[in-house]
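Notes for the one structure printed next.
Values below: every heavy atom of this structure, side chains too, minus hydrogens, waters and symmetry copies. Quantities reported herein were computed from a predicted structural model and do not represent experimental measurements.
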Amino acid sequence: MDVFWRIAALALVPALLMAPANATASEVAKEPKRQDPVAQVWVRFDRSGIEQVKASGIADLRTGRPVSVDDPVRVASISKLITSIAVMRLVEQGKLDLDADVSRTLGWRLRNPAFPDVPITLRLLLSHRSSLTDTIDYVLPLDSDMQKVLANPAAWDADHAPGTYFRYTNFNFPVIAAVMEKATGKRFDLLVKRIVLKPLGIEACFNWIACNSDFAARAVVLYREAVPVKDDNHGVMPECPVTPAQDGSCDIAARWSPGSNGAIFSPQGGLRITMKGLAKIGRMLLGNGKVDGVRLLSPGSIHTLLTPVWTFDGSNGDTQDGFICRYGLASQTLATSVEGCHDDPFADGVPRAGHAGSAYGLKAGLWIDRKRGTGVAYYATDVLDDDSGLHSAFTRIEEQLATAAKSPVSMSEGK
């Protein structure tokens, strides 16, 4: 065990043991819970390649399989960034327009019932300014009709018109996926594989279906307090990798039709990818759309993706307690110098771009420093949400991973 992980392990002494001897029960109860992640993987990279990697812990507690940097993991909301990259590919091909009313492509009218005259565009959806909310469930059964679901006024913010307020909303991305499907006639997961993942030589998929069984067998299981909650695949492809139909069936070929249910393949959080694969996405962003000789996007498209279109001004959005204060097209920018913002897990004031991921006990991040040409991709499993950070709105584990990323001697090297 190297020095960093020894220090990290010592920092994870339970709060009860760290409490003063004369602390009252109520004072001890207020201390945040502490525990070791089950698995941690970390990759540092620059434009030319991977510099360092680190993998520590267990991918599957049932079998005791050690985690590897080559194991696929569900990276939660970092998936949104890859979905946005696919959108920009279609924009460059002339198949989508960021500022057109998406109703034209969907074939039905998408509107906030409180603001029926305000069009909703891809730019608004990608930047969480569409006025959609997550007050209704965005994880839809296979046979759902998304048009009917979004006709419910409860899905919308009745107090803020589209374009006037930032509210981080997962439901934006099933709508985006539906638009992509209607514009191309292709299934969302296969489309992203064809126009993003395959050109970059990355093995990855949304909700497992488009990946092979060997890849699924190496899945990193996600845990909450050592209880498996996602991707406990038992070494095989999941029997039904999507949310089943309301009758329990899972016949995707029979149920899927372009744009009817953009939630099937979880465009908001369902990407399974290795940290080496995610690092290649980061290197492509650092290379202004080009990596290892492959031009995926133009520099202009990368600029559009990563440039914030919303910055918190004190009242124009929900920052989630200072966690998100600047946002582009499915991209966060860290270290915002605005009162109430605590979005710098690196604690150095550098405005890195990328995205965080958080779901099912996983905490993940892909962050690039465009000025220095460096980046980091990481995740940890079985992280407690209330294991709060010491200097930011991120968790303590995320701060440890981010802070370690700045030191060339803090992690053991590997390729």
Between [X] and [Y] (side chain of the first, backbone of the second, donor and acceptor by atom type, cut-off under 3.5 Å), is there such a pair?
X      : Y      : value
Ser130 : Pro162 : no
Thr133 : Ala155 : yes
Arg352 : Trp367 : no
Thr381 : Ala39  : yes
Arg89  : Ile195 : yes
Arg295 : Gly293 : no
Gln246 : Asp143 : no
Arg62  : Gly64  : no
Thr83  : Ser79  : yes

Is there a side-chain contact between [X] and [Y], using heavy atoms and a 4.5 Å cut-off?
X      : Y      : answer
Asp71  : Thr274 : no
Leu140 : Thr243 : no
Leu334 : Phe394 : yes
Leu122 : Asp97  : no
Pro72  : Ile273 : no
Val102 : Leu125 : yes
Ile324 : Asp343 : no
Glu398 : Leu401 : no

Nearest 0.5 Å please: distance from the [atom1] atom of [X] over to the [atom2] atom of [Y].
X      : Y      : atom1 : atom2 : value
Arg283 : Lys276 : CZ    : NZ    : 12.0 Å
Ser331 : Leu306 : OG    : CG    : 5.0 Å
Gln268 : Ile176 : CD    : CD1   : 10.0 Å
Cys325 : Asp344 : SG    : CG    : 11.0 Å
Ser131 : Asp157 : OG    : CG    : 6.5 Å
Phe45  : Ile50  : CZ    : CD1   : 9.0 Å

Nearest non-hydrogen partners of [X] and [Y], listed with the distance:
X      : Y      : result
Leu197 : Ala204 : CD1-O, 3.5 Å
Ile78  : Ala364 : CD1-CB, 3.8 Å
Val309 : Ser127 : CG2-CB, 3.4 Å
Ala219 : Asn233 : CB-ND2, 3.4 Å
Val175 : Leu132 : CG2-CD1, 3.9 Å
Gly289 : Ile302 : N-CG1, 3.4 Å

For Leu200 and Ile281, what are the C-alpha separation, side-chain angles and deciding distance, and is it a side-chain contact (heavy atoms from CB on, under 4.5 Å)? CA-CA 8 Å; Leu200 296 181; Ile281 295 290; 3.8 Å; yes
Kindly state whether the ring of [X] and the ring of [Y] have centres lying under 6.0 angstrom apart.
X      : Y      : result
His391 : Phe346 : no
Phe166 : Phe312 : no
Phe323 : His342 : no
His128 : Phe173 : yes

For residues [X] and [Y], is any side-chain donor paired with an opposing acceptor at under 3.5 Å?
X      : Y      : answer
Gln35  : Asp382 : yes
Arg370 : Asn288 : yes
Thr105 : Lys182 : no
Lys80  : Asn172 : no
Ser392 : Glu399 : yes
Glu92  : Ser298 : yes
Glu181 : Trp256 : yes
Thr304 : Ser301 : no
His160 : Arg129 : no
Ser266 : Asn207 : yes
Arg326 : Thr311 : no
Thr403 : Gln400 : no
Trp42  : Tyr379 : no
Trp208 : Asp231 : yes

Ion pair present between Asp189 and Arg187, side-chain N to carboxylate O less than 4.0 angstrom? yes
Would you call Arg111 and Asp117 a salt bridge, taking side-chain N to carboxylate O under 4.0 Å as the test? no
Scan Val192, Val75, Val87 and name whichever one has a side-chain contact (heavy atoms from CB on, under 4.5 Å) with Ile82. Val192
As a quick check of understanding, evaluate side-chain contact (heavy atoms from CB on, under 4.5 Å) for Thr135 and Trp156, giving each step before the final call. CA-CA 8 Å; Thr135 51; Trp156 300 90; over 6 Å; no
Start with the C-alpha distance between Lys186 and Arg194, add both sets of side-chain angles, then the distance that settles side-chain contact (heavy atoms from CB on, under 4.5 Å), and finish with yes or no. CA-CA 10 Å; Lys186 305 296 183 182; Arg194 180 171 64 84; 4.3 Å; yes
Measure up the His355 and Tyr168 rings against each other and bin them: parallel (under 30°), tilted (30 to 60°), perpendicular (over 60°). tilted
So Asp134 and Arg167, salt bridge (charged side-chain N to carboxylate O under 4.0 Å, His left out) or not? Walk me through it. CA-CA 9 Å; Asp134 283 336; Arg167 186 187 304 279; over 6 Å; no
Would you sort out whether Thr395 and Asp386 count as a side-chain contact (heavy atoms from CB on, under 4.5 Å), showing the intermediate values? CA-CA 8 Å; Thr395 63; Asp386 61 358; over 6 Å; no
With a 6.0 Å cut-off (strictly less than), is the heavy-atom count around CG of Asp251, excluding the residue itself, greater than 12? yes
Does CZ in Arg372 sit with more than 12 non-hydrogen atoms of other residues, nucleotides or ligands closer than 6.0 Å? no
